[in-house]
J.: 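Shown below is the structure under consideration.
What you see is a predicted model; the values in this text were computed from it and never measured. When reading the values below, keep in mind they use all heavy atoms of this one structure, side chains included, and skip hydrogens, waters and symmetry mates.
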Amino acid sequence: MLDKLVLYMQYPFVRYALIVGVLIALCSSLLGVTLVLKRFSYIGDGLSHVAFGAISIAAVLNLSNDMILVMPVTIISAILLLRTGQNAKIKGDAAIAMISVGALAFGYLIMNIFSTSSNLTGDVCSTLFGSTSILTLTQKEVWLCIILSIAVVIIFILFYNKIFAVTFDEDFAKATGTKADAYNLLIAIVIAIIIVLAMNLVGSLLISALVIFPALSAMRIFRSFKMVTVFSAILSVICALLGIIISILAGTPVGSTIVAADVVAFAICCLIGAVTGGVRK
Amino acid sequence: MALLTIKDLSLGYDSRVIVENLNFAVNAGDYLCIIGENGSGKSTLMKTLLGLQEQIGGEIIPGDGLQKNEIGYLPQQNLVQKDFPASVKEIVISGCQARCGLRPFYTKSEKQMAKDNMAKMGITDLANRCYRELSGGQQQRVLLARALCATQKVLLLDEPVSGLDPRVTIEMYSLIENLNREGITVIMISHDIAAAVKYASHILHIGDSIFYGTKDEYLESDAGKFFLMQQKGGEK
Ligand SMILES: Nc1ncnc2c1ncn2[C@@H]1O[C@H](COP(=O)(O)OP(=O)(O)O)[C@@H](O)[C@H]1O
Ligand SMILES: [Mg+2]
């Protein structure tokens with residue numbers, strides 16, 4: 001088994017997959033706590049569907065690099081969703097359901113009508129579930145991924161204290177003069193970037209899991225924002241590594257294997273939380 | 001010049017007016033209590049003063065060079081915070097955030113300030129505890145320490161004692177009284193008229209009739225007399 005792994009590691013595409021997988025897992029976990037606590041998790045879901053729609057358009061237009069289209073479309077949608085979410089009149093959830101299901105339907109429709117590919121179902125499936133795309137990354141894509149991930153991590157560290165303040169109590173932050181709206185905008189943009197990145201790894205249907213599970217798991221055990229953030233990042237990276245390695249060895253789809261690992265980790269954390277919580281009381 | 005001057009202010013949501021024609025001024029060192037029935041618009045007034053809610057008409061004029069980031073606020077209990085994983089230390093220092101501007105990290109003096117304010121509120125030994133596991137009174141002290149990190153000048157408190165038991169309520173009131181003695185202006189919402197009369201220097205009553213004046217003027221007014229009568233009735 002180990003021999004097999006060592007053998008595989010000699011292939012560049014496997015190494016790329018591991019590097020990219022780890023970076024994406026790290027990024028996607030960072031804002032998980034904020035998303036869960038700000039009730040933004042639905043935005044992640046909506047955005048991933050929008051990104052799916054954008055990818056199908058890019059595929060039809062035969063764009064060599066679909067990021068050119070997907071990234072701006074997703075970022076703009078993130079900003080729009082955030083705006084409507086804050087608007088009390090249109091229920092945020094309904095707006096998101098409309099946009100996301102609409103994008104999903106249109107994406108599939110466009111692919112169906114215009115696609116020249118002989119394996120349409122396969123294409124759609126891999127966009128939705130990420131299947132093998134992570135093993136077919138080109139060097140250019142890997143570099144783009146590395147640069148974006150590093151940017152996300154740096155932004156997160158620089159704005160960590162502000163993200164905490166705005167997440168914990170937006171009213172207080174605003175009332176005392178913090179530019180909460182600007183930071184909310186920043187959070188939305190970073191989420192959009194993370195989602196586009198994570199589409200490569202797990203496909204659009206499973207992104208929410210990648211973002212939310214590590215945060216929920218960490219919140220079971222730890223009780224400070226810093227520890228929850230650090231632990232969810234570590235956990236997410238471990239699960240991604242495990243998921244990728246298992247999927248290579250066992251031939252399972254990458255995305256679902258990673259998410260399965262996240263689910264198992266969540267169950268373990270619940271157990272630990274129940275035991276230590278019991279001891280504490 | 002007063003710290004805050006309120007002129008012909010009307011407030012409400014989506015042009016539905018809740019309170020109109022508010023006129024009052026808050027001077028440095030005042031202890032203003034805002035009283036009134038539930039739903040009379042006390043929280044809305046405070047949010048409007050803080051700029052969280054747009055006013056429908058009138059003016060709020062800050063004076064004495066009061067800056068937006070020199071205001072401390074203790075919100076009415078908020079549901080989002082209920083399951084938030086945050087330690088007391090993290091929450092208290094987040095009060096310094098507004099002063100940071102774009103600076104990413106807290107300075108030594110800000111960390112010291114957070115420590116001092118925790119000591120002042122008697123919560124130093126809770127520093128590493130999780131906020132959501134504290135009692136109601138402890139949570140309010142944490143939020144008060146955070147508000148103190150945000151200001152040396154004005155504190156706006158929205159029902160700081162609601163849900164606290166009588167002993168803890170008295171402790172909370174005396175903490176606030178001490179802060180006011182140290183020179184911090186206090187604007188506090190309360191539906192406890194007895195406490196308002198005991199601690200405040202000025203009283204603003206909103207509701208069907210609006211009253212603003214010093215505590216003594218309030219006790220002379222119709223509403224105040226009615227309140228005194230009830231008190232006497234209670235004592236019999
Ligand atoms: N976000 C809101 N949108 C619309 N109406 C609101 C909102 N918040 C409060 N109200 C209404 O405004 C009135 C005053 O509320 P509030 O200021 O919270 O009262 P108080 O704090 O004095 O109990 C109430 O009638 C309430 O129903
Ligand atoms: Mg209120």
J.: At what distance, to the nearest 0.5 angstrom, does CZ of A:Phe168 lie from CD of B:Gln97?
T.: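 Here the rounded value is 14.0 Å.
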
J.: Which bit of B:Ala86 comes within less than 4.5 Å of chain A, counting heavy atoms only: side chain, backbone, both or neither?
T.: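 Contact with chain A involves both backbone and side-chain atoms of B:Ala86.
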
J.: Does a side-chain heavy-atom distance below 4.5 Å link A:Arg223 with B:Arg132?
T.: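 Of all side-chain heavy-atom pairs linking B:Arg132 with A:Arg223, at least one is under 4.5 Å.
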
J.: Which atoms form the tightest heavy-atom contact between B:Ala150 and A:Phe172, and what is the distance?
T.: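 Heavy-atom minimum between the residues: CB-CZ, 4.0 Å.
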
J.: For the side chain to side chain contact (heavy atoms under 4.5 Å, CB included) test, which of B:Ser87, B:Cys130, B:Pro85 pairs with A:Ser224?
T.: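 With A:Ser224 as partner, B:Ser87, B:Cys130, B:Pro85 yield a single side chain to side chain contact (heavy atoms under 4.5 Å, CB included), made by B:Ser87.
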
J.: Heavy-atom distances under 4.5 Å only: say whether B:Ile91 touches chain A with side chain, backbone, both or neither.
T.: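 Answer is both: backbone and side chain atoms of B:Ile91 are under 4.5 Å from chain A.
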
J.: Among residues 99-126 of chain B, which residues come closer than 4.5 Å to chain A, judged by heavy atom distances?
T.: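 B:Cys100, B:Gly101, B:Leu102, B:Arg103, B:Pro104, B:Phe105, B:Tyr106, listed by number.
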
J.: Quick check on the interface: out of B:Ile93, B:Leu52, B:Ile71, who has the most heavy-atom pairs with chain A under 4.5 Å?
T.: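 Max contact count across the listed options: B:Leu52.
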
J.: Given side chains that start at C-beta, do those of B:Phe84 and A:Thr167 come closer than 4.5 Å, heavy atoms only?
T.: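 The answer is yes, as the side chains (C-beta and beyond) meet within the 4.5 Å cut-off.
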
J.: Could you check if a side-chain atom of B:Pro75 sits within less than 4.5 angstrom of a side-chain atom of A:Asp171, using non-hydrogen atoms only?
T.: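 No, too far: nothing below the 4.5 Å cut-off.
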
J.: Does B:Glu90 use its side chain to pair, donor to acceptor, with the backbone of A:Phe225 at less than 3.5 Å?
T.: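 Answer holds: yes.
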
J.: Step through the shown structure and confirm whether more than 12 heavy atoms of other residues, nucleotides or ligands are within 6.0 Å of CD on B:Glu177.
T.: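 Counting other residues, nucleotides and ligands, CD of B:Glu177 exceeds 12 neighbours.
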
J.: With only heavy atoms counted, which part of B:Lys47 is less than 4.5 Å from chain A, the side chain, the backbone, both or neither?
T.: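 Contact with chain A involves the side chain of B:Lys47 alone.
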
J.: Heavy-atom cut-off 4.5 Å, strictly under: side chain, backbone, both or neither for A:Phe222 against chain B?
T.: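 Contact with chain B involves the backbone of A:Phe222 alone.
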
J.: Report which part of A:Lys179 has an atom under 4.5 Å of a heavy atom belonging to chain B: side chain, backbone, both, or neither.
T.: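 For A:Lys179, neither part sits under 4.5 Å from chain B.
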
J.: Could you tell me if the side chain of B:Asn69 sits less than 4.5 Å from the side chain of A:Thr176, heavy atoms only?
T.: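 No, side chains not in contact.
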
J.: Got a second to check how far A:Asn161's CG is from B:Cys96's SG, nearest 0.5 Å?
T.: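 If I round to the nearest 0.5 Å, the distance is 10.0 Å.
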
J.: Taking A:Ala173, A:Gly177, A:Ala180 one by one, which has the highest count of heavy-atom pairs under 4.5 Å against chain B?
T.: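 Going by pairs under 4.5 Å, I would pick A:Gly177.
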
